[in-house]
Amino acid sequence: MLEALTMPFVQYALMAGLMVGLLSAYFGVFVVQRGLSFMGNGLAHAAFGGVALALLAGWDHYLWVAMPYTIAVGLGIQYVQRRTRMSGDTVIGIFFAVSMALGIIFLSLRRDTSVDAWAVLFGDILAITAGDVWMAGGALATGVAALPMWRRWAYATFDPELAQADRLRVERDDYLLAGFLALTIVVAVKVVGIVLIAALLVIPPATARLLAPTFLAMTLLSMVLGLAGVLAGMAAAWHFDLPTGPAIILVQAGFFFLAAIARRRG
């Protein structure tokens with residue numbers, strides 16, 4: 001593994017993987033605490049529609065199309081849910097189905113392309129380029145800029161009615177959170193693939209929730225687990241010659257089961 005770190009493509013994979021692990025673990029705490037796991041799945045499949053649209057247009061740099069597409073879907077879910085008063089799962093399910101249907105249609109009409117659809121679905125971290133690293137870095141910088149929002153999102157997570165009565169702009173904040181979730185999901189496509197993105201959002205925060213006494217501690221521990229899972233998953237994938245994305249998810253799942261056992265014994 002140490003010898004591999006001298007190779008540029010492995011360095012790109014490691015940098016992008018760590019940034020994605022950190023971002024997904026941070027925003028994932030709100031997904032887990034608010035019970036929005038299905039939101040992660042819905043936005044992941046929305047990203048599939050965006051990727052397929054880019055491939056149909058013949059653009060191999062598909063993430064640049066998937067990003068605005070997925071953010072628009074995330075904001076659309078929030079808008080329809082608030083305007084129709086329908087349950088979140090119902091609205092997400094509709095957008096989920098529409099995005100998947102469009103993605104399948106776009107792929108069926110696409111021209112020849114060098115992009116491997118299997119890699120889109122299940123990730124190909126070793127195919128990450130310098131441009132992808134810059135995109136992940138931009139997403140991380142945006143997430144850092146949003147750190148002052150953590151307190152507002154946390155307040156609305158536990159008591160949205162009181163937060164609104166306290167004159168916090170809860171609706172606007174929810175739109176922002178949906179946009180950040182969409183951005184995180186898009187930059188994670190090459191790391192773990194569309195099928196496994198939701199797991200990257202959910203498992204580290206769920207593990208942290210088992211162990212942490214406060215929401216702040218849960219957030220910090222989730223970020224540590226996100227980073228550790230990427231490092232250990234990449235090392236395991238390299239050592240045992242496994243697909244990297246699934247290896248990262250399995251390591252994260254291992255952390256979760258160990259935490260569940262420790263919590264039960266405690």
CG (L181) and CG (L36) are apart, to the nearest 0.5 Å, by 8.0 Å

To the nearest 0.5 Å, atom CG of L258 lies from atom CD1 of I261 at 6.0 Å

Interatomic distance, CZ@R263 vs OG1@T207, rounded to 0.5 Å, equals 12.0 Å

Is any side-chain heavy atom of M234 closer than 4.5 Å to a side-chain heavy atom of L14?
-> yes

In terms of heavy-atom contacts, M19 and V133 come closest through CE-O, 3.6 Å

Nearest heavy-atom approach of T219 to Y26 is CG2-CD1, 3.7 Å

Has R82 got more than 12 heavy atoms of other residues, nucleotides or ligands less than 6.0 Å from its CZ?
yes

> With hydrophobic residues grouped by side-chain heavy-atom distances under 4.5 Å, do I104 and V189 end up in a single group?
Replying inline: yes

Worksheet item: Q78 side chain to L176 main-chain N or O, any donor-acceptor pair under 3.5 Å?
Response: no

Rounded to the nearest 0.5 Å, the CZ atom of F27 sits from the CG atom of L201 at a distance of 10.0 Å

*Between the main-chain N or O of I105 and the side-chain N or O of S108, is there a donor-acceptor pair closer than 3.5 Å?*
yes

Same cluster or not: M149 versus M218, using hydrophobic residues (I, L, V, M, F, W, Y) connected whenever any side-chain heavy atoms lie under 4.5 Å apart? yes

CG (D174) and OH (Y79) are apart, to the nearest 0.5 Å, by 15.5 Å

Go through it in stages, so that I can follow the logic: the residues are F158 and Q33, the test is side-chain contact (heavy atoms from CB on, under 4.5 Å), and I'd like the CA-CA distance, side-chain angles, deciding distance and then a yes or no. CA-CA 8 Å; F158 288 96; Q33 197 65 40; 3.6 Å; yes

Using the rule that Ile, Leu, Val, Met, Phe, Trp and Tyr join whenever any side-chain heavy atoms are under 4.5 Å apart, tell me whether M100 and V65 fall into a single cluster.
yes

Rounded to the nearest 0.5 angstrom, the CE-CD distance for M39 and Q81 is 8.0 Å

If we only count heavy atoms from C-beta on, is the F180 to L23 side-chain gap below 4.5 Å?
no

Within a strict 4.5 Å, meaning less than it, do heavy atoms of the L53 and L102 side chains meet?
no

For I185 and G40 the tightest heavy-atom approach is CD1-O, 3.7 Å

Beyond-backbone contact of R151 with Y155, side-chain heavy atoms, under 4.5 angstrom:
no

Notebook entry, point to check: Would V20 and T184 count as a side-chain contact (heavy atoms from CB on, under 4.5 Å) if you check the C-alpha gap in whole Å, the side-chain angles of each, and the deciding distance to 0.1 Å?
Noted result: CA-CA 7 Å; V20 167; T184 301; 5.6 Å; no

Set out, in order, the CA-CA distance, both residues' side-chain angles and the distance that settles side-chain contact (heavy atoms from CB on, under 4.5 Å) for F30 and T157, then state yes or no. CA-CA 7 Å; F30 300 104; T157 295; 3.7 Å; yes

Tightest non-hydrogen contact, residues P204 and S222, listed as C-OG, 3.7 Å

Is there a ring pair (Phe, Tyr, Trp, His ring centres under 6.0 Å) between W153 and F215? Walk through the geometry before answering. CA-CA 11 Å; W153 283 328; F215 189 62; over 10 Å; no

Hydrophobic clustering (ILVMFWY, side-chain heavy atoms < 4.5 Å, transitive) - are V224 and V31 grouped together? no

request  = Tell me, with the steps shown, if F106 and V51 meet side-chain contact (heavy atoms from CB on, under 4.5 Å).
outcome  = CA-CA 9 Å; F106 293 154; V51 169; over 6 Å; no

Quick one, W150 and L216 - any side-chain contact, counting heavy atoms below 4.5 Å? yes

Sequence neighbours excluded, the answer for salt bridge (Lys or Arg N to Asp or Glu O under 4.0 Å) partners of R172 is none

Looking only at heavy atoms, the pair that brings G74 and A178 closest together is O-CB, 3.8 Å

Looking only at heavy atoms, the pair that brings L43 and A182 closest together is CD1-N, 4.0 Å

Worksheet item: Can you hop from W238 to L250 via hydrophobic side chains spaced under 4.5 Å?
Response: no

Next item on the list: Mark yes or no for whether S24, through its side chain, and G21, through its backbone, hold a donor-acceptor pair below 3.5 Å.
Entry: yes

